[in-house]
Enquirer: 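Below: one structure in structure tokens.
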Amino acid sequence: MKSLINKLKNANKGMLFFYFISLTSYLVCYVLIFKSLLHLEGIETLIRILVLGLFGLFGLIYLIFGFKTLIKKKKIWFTILTIFTIIFAVIFGVSSHYIDFVYQKIENFVTKDTSTYTTVLIGLKGTTLTSDSKIGMITDETDRTGYILPLEFMKKENMKQEISYYGNYTELLKALYNKEVDAIFITKDYPILYRNEEKYQNIASETEILKEYSKEMKTEESELLASTKSLTEPFTVLFLGVDSESKDGLDANAAFNGDTLMLVTFNPKTLTATMLSFPRDTYVPIYSSSDRMLYQNKINASAAYGTASTVNTIEHLTGINIDYFVKVNFQGVIDLVNTLGGIDVDVEQPTYSYYVSIYGEGRLCESNSLRSTLPTDLVCMNTGMQHLNGEQALAYSRNRYGFINGDLDRNRHQQQVIEAVAKQLMKSSNLSTFENLLDTISKNIATNMKTNQILSFYQSIKGMLGKALNGEDFISIQKLALQTFYFTNPYGLSCVGYYQGSLDTVVKSMKENLGLIEIETIKTFSYDYSEDYEITSEIIGTGIYSGGKVPDSSITDTKKPEPSDNDNNNDDNTDDNTTDDNGSDNTNNDNNPEEGKDDNTDTGNGNGNDTTTDNKENPKEPETPTDKEDKKDDIIVPGTPNEEKKKEEP
């Protein structure tokens, strides 16, 4: 020991200093990278073990041989070993930083097990709550903000008011506005859920919060929608559009208006996907979060009952189990597209003649991200292939007033934007851009996928990159669509129905991609090697009129009631379809042929529409639901005189 100490005393002081600094740095950085690599569960396990083993061995070599070269004053060998040690330490440190950065961002958009739920007791403006007041709430015993928390709060506050129960939120809101009850319990996010409905578009100003109660609870998503499926196996994911104003990320129970619902199947073995958008007006049975059928309504009405309700509703409609959901804040589309430097989209020429007469041929305009429809705030773009920024991409994906098929065309535009973003993502190679993208995505996405499940998608990403490097298309997406028709239900609402044969065909295609049934014929996935990304031209599900209409004639043949002056008034501040007091929206784009006639042709088939509508008896531009001669006065086009006039009306 004394001999060793004496040798150290005689060693070059500078070399000794660098030896201890480089060795300490290496060991610290090795521990950091070791810890970081342990997070990457399921990703290149063998490679991770080999890397850690080899560099652990190198650290041992430097400890022993570095010390010997130091003692024997072999400066050349000592310098070489020390340089490599420092380089490896820097690589470990940088790699650990980026691995931890990615892991943290992924954890940010994974739904937490608990979240704060808030119920509010609201009344019409000027309401005073007394002991004689009557309070309304819904009957669903699993609803956190509509039943569980209200009863808990009333017991805690010793409230003795009479309670009236209602089967759904549509009836509950109607009871409040009709003054059948003095106040109702509802989620605090109720303005977001109902501001796009004509009857309740001013609900925030027409009502006031009388009492409020919050509690940390296990999230509905973690309790009812947990999935153990690995992303290395074929899976389904439901994309839900969230209109959140928060800049700090989405809550697990973030409210969404249900206007954007897209079901995607993905097969990581074949790198093929199917994509189906549901028109918001699709008339279906609505199921609660506890999987109990509530009533029939437009599919977007399920959003009021939570994510589990929407998932259950679509599962019953398609018969396909939904493995995951992804909530996407469309306000984040702006940041995402801008971070990518813009996207290339073939902007469709508006087809509604009155809209074209306002903005001119080859122009498309929409309200901005703040939903301002002032002429100075409009976001405009030319049609045709365009390089869009974030505001323009969001405006294009929202616009429906410029198109005869309204919401049906808007669904297709949203898919165009998604495709363009996916294509641009694969072209991104800048490290700074990568960091910004992860930051943007983590703030604007919430999902029930677990971190290890998301990491398991690495194998699919590796396969996509391999195909792209070989000059092939990295993924093939098959668009699906329901063959639809418009009808007016007994409440006088303009709704969207579908043909059973079309739904069966669409479901069959999804099941084939998921490997649930054997493929009977060769799929029509085509490849264009001159492009990085391709979408097959055929849209499966369109042009199919077999199996009968859903719903059947007992509803679709109901005589349409005489329209009122306000049948076509739209929300001034949104681009979404309006609603009536049944809680469902009322589209401006009624392409329904004459009542009772059977349609067997599809003028929209082959034109790229995501969802097509019957138009056999009406090849010209269809009328709006009220079929008024002066329909243009009832259509709200952003930034036009009649839009301002509607704002002034009481």
Side-chain angles (χ1 to χ4, degrees), residues 28-52 55 87-113 222 227 229-232 235 237 239 246-252 266 268 271 323-329 332-333 335-341 418 421-469 474-475:
V28 170
C29 291
Y30 181 79
V31 170
L32 291 175
I33 192 65
F34 187 93
K35 187 178 179 181
S36 298
L37 288 177
L38 289 180
H39 287 317
L40 305 182
E41 182 182 346
I43 297 180
E44 306 293 359
T45 302
L46 180 60
I47 293 177
R48 285 186 294 134
I49 293 174
L50 289 175
V51 167
L52 291 174
F55 284 106
I87 290 174
F88 289 148
V90 171
I91 292 174
F92 292 164
V94 172
S95 299
S96 176
H97 166 75
Y98 280 105
I99 291 173
D100 291 345
F101 173 80
V102 172
Y103 191 82
Q104 180 185 14
K105 294 301 178 183
I106 291 175
E107 284 195 320
N108 283 348
F109 58 79
V110 172
T111 298
K112 303 299 184 292
D113 289 335
S222 65
S227 177
K229 177 170 283 190
S230 169
L231 298 189
T232 59
F235 62 89
V237 56
F239 288 90
S246 172
K247 299 295 183 183
D248 300 320
L250 292 176
D251 292 329
F266 182 74
L271 296 182
D323 300 309
Y324 303 107
F325 71 83
V326 175
K327 290 182 179 179
V328 181
N329 179 14
V333 170
D335 293 335
L336 178 60
V337 172
N338 287 339
T339 300
L340 289 170
I418 291 173
V421 168
K423 182 176 181 179
Q424 196 64 28
L425 278 171
M426 295 304 294
K427 294 180 179 179
S428 301
S429 58
N430 184 283
L431 196 58
S432 176
T433 300
F434 175 72
E435 289 184 6
N436 293 333
L437 282 172
L438 275 179
D439 188 57
T440 299
I441 292 172
S442 67
K443 289 181 179 179
N444 294 287
I445 283 182
T447 179
N448 63 332
M449 297 179 190
K450 300 302 181 184
T451 304
N452 64 325
Q453 292 171 325
I454 296 174
L455 290 174
S456 70
F457 196 62
Y458 160 81
Q459 295 296 337
S460 296
I461 295 176
K462 186 173 72 171
M464 293 179 196
L465 290 174
K467 293 182 70 174
L469 291 174
F474 67 89
I475 186 173

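Positions are given from 1 along the sequence.
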Enquirer: What's the spacing between Phe266 CZ and Asp323 CG if we round to 0.5 Å?
Expert: 13.5 Å
Enquirer: In Å, rounded to the nearest 0.5 Å, how long is the span from CG of Leu438 to CD of Gln104?
Expert: 10.5 Å
Enquirer: Start with the C-alpha distance between Met449 and Val326, add both sets of side-chain angles, then the distance that settles side-chain contact (heavy atoms from CB on, under 4.5 Å), and finish with yes or no.
Expert: CA-CA 8 Å; Met449 297 179 190; Val326 175; 4.3 Å; yes
Enquirer: Just how far is it from atom CG of Leu40 to atom CG of Leu455, taken to the nearest 0.5 Å?
Expert: 6.5 Å
Enquirer: I want to check something: taking the side chain as every heavy atom from C-beta on, are Tyr103 and Thr451 in contact at a cut-off of under 4.5 Å?
Expert: yes
Enquirer: Quick one: closest heavy-atom pair of Ser96 and Ser36, and the distance?
Expert: OG-OG, 2.8 Å
Enquirer: Ignoring hydrogens, what is the shortest heavy-atom contact between Val328 and Phe239? Give both atom names and the distance.
Expert: CG2-CD2, 4.0 Å
Enquirer: Distance-only, no hydrogens or angles: does the Ser442 side chain make a donor-acceptor pair with backbone N or O of Asp439 under 3.5 Å?
Expert: yes
Enquirer: Taking all non-hydrogen atoms of both residues into account, name the closest pair between Phe55 and Tyr30 and its distance.
Expert: C-CE1, 3.8 Å
Enquirer: Would you indicate whether the side-chain heavy atoms of Leu336 and Val421 approach each other to under 4.5 Å?
Expert: yes
Enquirer: Would one find more than 12 heavy atoms of other residues, nucleotides or ligands at under 6.0 Å from atom CZ of Phe101?
Expert: yes
Enquirer: With side-chain contact (heavy atoms from CB on, under 4.5 Å) as the test, would you mind laying out the steps for Asp100 and His39 before giving the verdict?
Expert: CA-CA 8 Å; Asp100 291 345; His39 287 317; 3.9 Å; yes
Enquirer: Roughly how far, to the nearest 0.5 Å, is the CG atom of Asn329 from the CD1 atom of Ile441?
Expert: 13.0 Å
Enquirer: Could you check Ile99 against Ile33 for side-chain contact (heavy atoms from CB on, under 4.5 Å), going step by step and ending with a plain yes or no?
Expert: CA-CA 9 Å; Ile99 291 173; Ile33 192 65; 4.0 Å; yes
Enquirer: Could you give the distance from OG1 (Thr339) to CG (Leu425), rounded to the nearest 0.5 Å?
Expert: 10.0 Å
Enquirer: Say you draw a straight line from CD1 of Ile454 to OG1 of Thr447; how long is it, rounded to the nearest 0.5 Å?
Expert: 6.0 Å
